[in-house]
Every structure is written in structure tokens, then in C-alpha cells.
Amino acid sequence: MNPVYADHIATTPCRPEVFEAMKPYFMEHFGNPLSLHDFGQTARDAIEAAREQVAGLIGAKTEEILYTSSGTESCNFAIKGMTHAYQKKGRHIVTSSVEHHAVANPVKFLEKNGCEVTTIPVDSAGRVDPDQVARALRDDTALVSIMLANNEIGTIQPVAEIGRITRERGIVFHTDASCAVGNVPVDVEALQVDALSLSGHKFFGPKGVGALYLRKGTRITPLIHGGIQEGGRRAGADNVPGIVGLGAAAVLAREEMNDRVARVTDLRNRLISGILERVDEITYNGHPELRLPGNVNIAVNYVEGESLLLLLMHKGILASSGSTCTSRALKASGVLTAIGLSEQACQGSLQMTLGPGNTDAEVDYILDVLPEIVSKLRAMSPLYHRKD
Amino acid sequence: MLYSEQVMEHFMNPRNVGELENPDGVGQEGNPTCGDVMQIHIRVVDGTIADCRFKTFGCGSAIAISSQITEMAKGKTLEEALAITKEDVASQLGGLPPQKMHCSNLGAAALRKAIEDYMARRPAELVQ
């Protein structure tokens with residue numbers, strides 16, 4: 001039996017159509033888009049076509065898309081670059097307590113270097129309260145950065161409401177949409193954001209390529225200085241095959257969006273309701289509806305996440321966990337702590353993220369295997385006392 | 001793979017899981033680093049560990065270490081069992097990843113507590 005891949009939040013497989021589109025740009029059309037000659041023109045045409053495709057996926061204008069190497073680079077670019085560009089306003093940043101490291105760590109870096117940071121907490125479903133964001137805004141607030149969808153619990157934030165507030169106050173707003181774009185409909189006009197980060201490999205594109213949407217008229221200081229690529233805002237020879245792949249993935253996502261959401265939501269609902277029927281003493285983390293379609297995040301009481309992962313892996317099921325023991329840094333997931341889970345509950349964290357390639361049979365298989373695995377580990381756990 | 005074959009073998013087929021009826025000594029150790037908890041029961045006959053059982057809440061290495069240390073302790077005198085170090089357990093398992101070395105301490109510490117519990121219950125035998 002093939003492995004059951006239930007870790008789409010970590011990365012997704014590159015779609016064959018995407019790979020095919022990329023192929024000619026490694027050897028045949030290898031030109032540098034900055035070159036004046038024909039080879040340069042071919043490469044230039046390719047990345048500009050892709051820019052239109054990426055813009056089309058999120059309702060942006062073509063010239064508002066800047067290519068980067070990853071979602072992480074996009075977030076760093078937005079946070080450092082916008083804070084720097086708007087420093088005359090002040091050096092205050094507003095963010096949330098559940099951001100990915102790609103946002104949390106650049107913010108921490110800026111805090112060490114003289115910025116003031118207000119971190120908005122979340123409720124038990126992982127949601128930020130927009131009113132709390134409004135109250136945190138100050139005259140010297142340079143930037144607000146709050147994610148669109150959480151990478152662990154899948155919770156979707158009220159970004160459009162926050163966008164309305166920041167726009168009224170004339171403060172620039174970045175959202176890290178790396179986990180959302182390509183998996184749920186995203187429209188920069190509806191969200192009223194000034195900057196948005198996205199990543200190719202999260203929606204069946206290649207790794208090593210991302211983009212930053214930057215609303216026309218929004219200022220940013222480059223993170224990478226050098227040549228005049230991306231209008232001088234992001235230097236370095238363009239990753240032409242990667243960019244072409246990003247564009248192809250964006251086209252597929254746009255065409256398949258409704259089907260993807262419907263199909264994956266259905267798989268997820270079957271998986272979570274099946275688990276809750278079969279295994280007792282489980283918490284379902286995140287928001288019941290306002291979450292990424294494929295995200296199932298649970299805490300299994302009395303057992304530890306890495307043990308769960310290893311036994312699942314033995315049965316061919318590939319998942320992830322936010323437990324201390326799974327992390328190389330030996331730190332429990334900050335997101336699970338932020339939604340109020342106890343230290344012990346964090347230890348039993350199990351995250352399964354489904355994609356449109358998963359099947360009903362795979363969900364049935366997980367539901368077959370998981371209860372036995374939990375029983376085996378609970379029988380070994382000194383914390384578990386069976387209630388017969 | 002993160003773990004050695006020996007670790008995975010013990011993790012998949014752990015030895016001596018469970019509890020003893022009326023154990024002679026019980027030791028429980030918690031790990032402040034990661035929250036793992038290990039419990040060891042021992043049966044002592046003529047100053048030797050005749051039987052040993054464990055229950056563990058923890059990761060793959062914590063469970064493998066529990067299984068390994070119960071195997072190592074069986075048949076040893078109390079003195080020999082007390083001399084088992086975390087390095088001994090780790091090396092029997094073909095080594096542990098650096099970030100998992102703290103787990104191996106848990107096994108030795110839980111076993112030590114079980115022996116100390118036994119000794120505290122039988123002060124007369126210590127006089128001999």
C-alpha cells in the first residue's frame with residue numbers, strides 16, 4: 001500500500017502539469033530575464049505571464065506581485081521592509097500570538113532593534129478579536145501583521161475586518177497567507193490588506209518560490225539589495241522555472257478552487273467525526289468551521305505525539321505533531337499554548353492535513369488504524385486509568 | 001529515520017510493559033524538559049531484581065529506554081542496577097539523537113527511585 005500523506009501543511013507534491021510547465025525553463029529557455037537578447041525576452045515573457053497568473057489567483061493587479069524565494073522571505077520582506085519604510089510614523093508593530101516563525105521571528109528581531117511590539121492574544125478557537133486590534137493601534141504604529149490561516153490549527157482570522165480597521169487608521173497591514181492561498185479563496189480587495197505573503201509549495205507548486213503582494217502605492221525597503229530585478233525591490237537573478245511553476249500552480253488553483261474546497265472539507269469532516277466517534281478523551285483544536293478545509297488538529301489525552309507519529313508511520317500514515325518531543329528545540333507548540341491547552345494536552349497533539357489527492361478509502365484506513373494505536377499507547381501510559 | 005534500529009525495535013515491541021501486583025519498589029520520574037513520565041515497578045528476591053515492569057508517557061525514545069532499562073535491570077543485584085547510567089542505556093540502544101539524550105536519564109532515575117523505595121520499605125535488610 002502507498003503511504004497515506006496527511007501532512008499537506010508541511011508541503012504538497014508538485015502537480016505534474018506544474019512540473020511540465022517548468023521543464024523547458026531549465027535547459028531550453030535558460031535565459032536571464034534581464035538580458036536584452038531573445039533568450040532574455042523569452043524568459044522575461046515567461047515570468048511576466050506567471051505574474052498575471054499569480055495576480056489572478058488573489059485578485060491583485062499584475063504589477064502588485066513581487067517574486068521571492070519562499071513564504072518566509074515574503075514575510076521577512078514585508079515586516080522588515082515596511083517597518084523600515086514607515087519608520088517616520090513610528091516603530092510600533094501589532095501582531096498576533098499565533099504567527100508562524102516566519103513572522104514571529106522577524107518581529108522579534110525588530111523588537112530587539114528598537115521596535116515596540118503589541119501581541120494580540122487569541123481565543124480558545126485561535127481567533128484574534130478585531131476590536132482588540134483596533135484598541136492596540138497607536139499614532140506611532142508602523143505595521144500590523146496578522147496571518148490569514150494558521151499553520152497548526154488551521155483557524156482563519158478575521159482579516160477583512162482587521163483590514164477595514166487598519167485602512168481607516170491609515171496603517172499598513174500585512175497578512176501571512178502562506179497556508180491559505182491556493183487552498184481557500186483569497187481576494188486582496190475583500191481582505192483590504194496592503195501586503196500578503198504566499199508560498200508555491202503549499203499549493204502544488206515547486207519549493208523555492210514565493211511571492212509578496214504589495215498594494216500599489218505601499219512603500220517597502222528592499223531586503224535584498226543588488227540588481228534591478230522586481231523594479232529594484234528584490235535583487236537576484238530570477239528563479240525562472242520556479243516562477244513559471246508558481247504561475248502554473250496558481251492557474252490550477254483558480255480553476256479547481258471550488259472542487260478543492262468542497263472535496264477536502266468533506267474528507268476532513270469525515271475524518272474528524274470518525275475520530276471523535278471512535279476515540280474518547282480527545283480535544284478537537286481550532287475553530288469548528290472557520291478553518292482550513294484539510295486541517296484536523298487534535299490533542300489525544302494521556303499519550304505523547306511523537307509516539308503517535310511513529311506508530312502511524314509504521315502503518316504508512318504520515319502526519320505531524322506540536323509536541324515538545326517532536327520539536328528539535330524541545331518546545332511545545334506556541335500555538336497550542338496560545339489557545340490555552342495544558343502542557344500535557346500539547347504533548348498529545350496530532351495534526352493531520354488532507355489534500356485533494358487524498359481518498360475516502362485513505363480516511364477510512366486512518367480511522368481503522370488510529371484507535372488501536374491510541375489504545376496501545378494508553379495501555380503503556382502511567383497517566384491513563386481506564387474508565388470501565 | 002531519527003532513531004537507530006534498536007530504538008525502533010524496542011519502541012515497536014516494548015518488553016515488560018505494565019505493573020506488578022504488590023511490587024517491592026515503585027519509582028516514578030517526570031522529565032521537566034519535555035513532560036514525559038516514567039514509572040517502574042520492581043520485584044526483589046534475595047537482593048536481586050527478579051522482575052521489572054514499566055509504564056511510560058513519552059516519545060519513541062522514552063518508551064524504548066523504558067523497555068531497555070527493564071531488560072537490563074532484570075537479574076541484577078540492587079547494587080549493579082544502581083550503577084546503570086544513562087550512557088549505558090543509550091549505548092545498548094545503539095545511541096540516541098542528541099536532543100533525546102535527556103530521555104535516557106529518565107530511565108536510570110526511575111529505576112533508582114524504585115530501588116530507593118524498596119530500601120526505604122525494608123530498612124532491616126540494609127543493616128546486613
Side-chain angles (χ1 to χ4, degrees), chain A residues 3 7 10 281-282 299-334 336-337 341-351 369 372-386, chain B residues 1-20 23 26-41 53-68 70 96-107 109-110 113-114:
Chain A
D7 199 12
E281 301 205 57
I282 276 190
V300 184
N301 291 349
Y302 315 117
V303 305
E304 192 280 322
E306 189 206 85
S307 293
L308 278 170
L309 291 189
L310 290 172
L311 290 176
L312 284 167
M313 193 161 71
H314 182 70
K315 296 279 187 185
I317 298 164
L318 313 180
S320 69
S321 165
S323 88
T324 313
C325 301
T326 324
S327 100
R328 279 168 195 262
L330 292 174
K331 267 189 177 168
S333 148
L336 298 180
T337 318
L341 247 63
S342 72
E343 220 167 277
Q344 209 174 81
C346 290
Q347 283 297 80
S349 123
L350 175 65
Q351 187 181 359
V369 164
E372 286 169 34
I373 288 176
V374 173
S375 303
K376 179 177 176 176
L377 289 172
R378 281 183 176 167
M380 253 190 262
S381 171
L383 309 176
Y384 183 62
H385 301 285
R386 261 180 71 174
Chain B
M1 185 62 215
L2 178 66
Y3 293 125
S4 69
E5 257 174 61
Q6 293 98 307
V7 170
M8 281 312 288
E9 204 279 317
H10 271 275
F11 171 70
M12 293 307 299
N13 310 292
R15 280 64 140 177
N16 311 310
V17 176
E19 296 178 333
L20 293 169
V26 176
Q28 182 159 316
E29 183 70 9
N31 193 323
T33 315
C34 61
D36 286 358
V37 181
M38 193 179 292
Q39 168 197 295
I40 288 186
H41 283 195
R53 295 287 156 86
F54 84 87
K55 274 194 163 186
T56 291
F57 165 84
C59 61
S61 64
I63 289 171
I65 283 154
S66 311
S67 168
Q68 179 67 56
T70 54
L96 287 168
Q99 77 271 25
K100 296 289 184 183
M101 276 307 288
H102 70 274
C103 303
S104 58
N105 196 27
L106 203 56
K113 280 193 171 174

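In the text below, chain A, chain B and the rest are named by the order of the sequence lines, each starting its count at 1.
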Does some side-chain heavy atom of A/Leu350 sit less than 4.5 Å from a side-chain heavy atom of A/Leu312?
yes
Counting only non-hydrogen atoms closer than 4.5 Å, does A/Leu311 touch chain B with its backbone (N, CA, C, O), its side chain (CB onward), both, or neither?
both
Are B/Lys100 and B/Val7 packed together at the side-chain level, in the sense that at least one heavy-atom pair is separated by less than 4.5 angstrom?
no
Non-hydrogen atoms of chain A under 4.5 Å away: do they reach the side chain of B/Pro97, the backbone, both or neither?
neither
Run the side-chain hydrogen bond (donor to acceptor under 3.5 Å, both in side chains) test against A/Ser323 and tell me which residues pass, sequence neighbours left out.
A/Glu304, A/Thr326
Per-residue tally against chain B (heavy atom, under 4.5 Å) across A/Ser307, A/Ser381, A/Cys346 peaks at A/Ser307
For B/Gln68, check side-chain hydrogen bond (donor to acceptor under 3.5 Å, both in side chains) against everything at least two apart and list the hits.
B/His10
Which portion of B/Ser66 sits near chain A, non-hydrogen atoms under 4.5 angstrom:
neither
For the residue pair B/Ile40 and B/Lys113, establish whether any side-chain heavy-atom pair is separated by less than 4.5 Å.
no
Given a strict heavy-atom distance threshold of 4.5 Å, which part of B/Val17 is in contact with chain A: side chain, backbone, both, or neither?
side chain
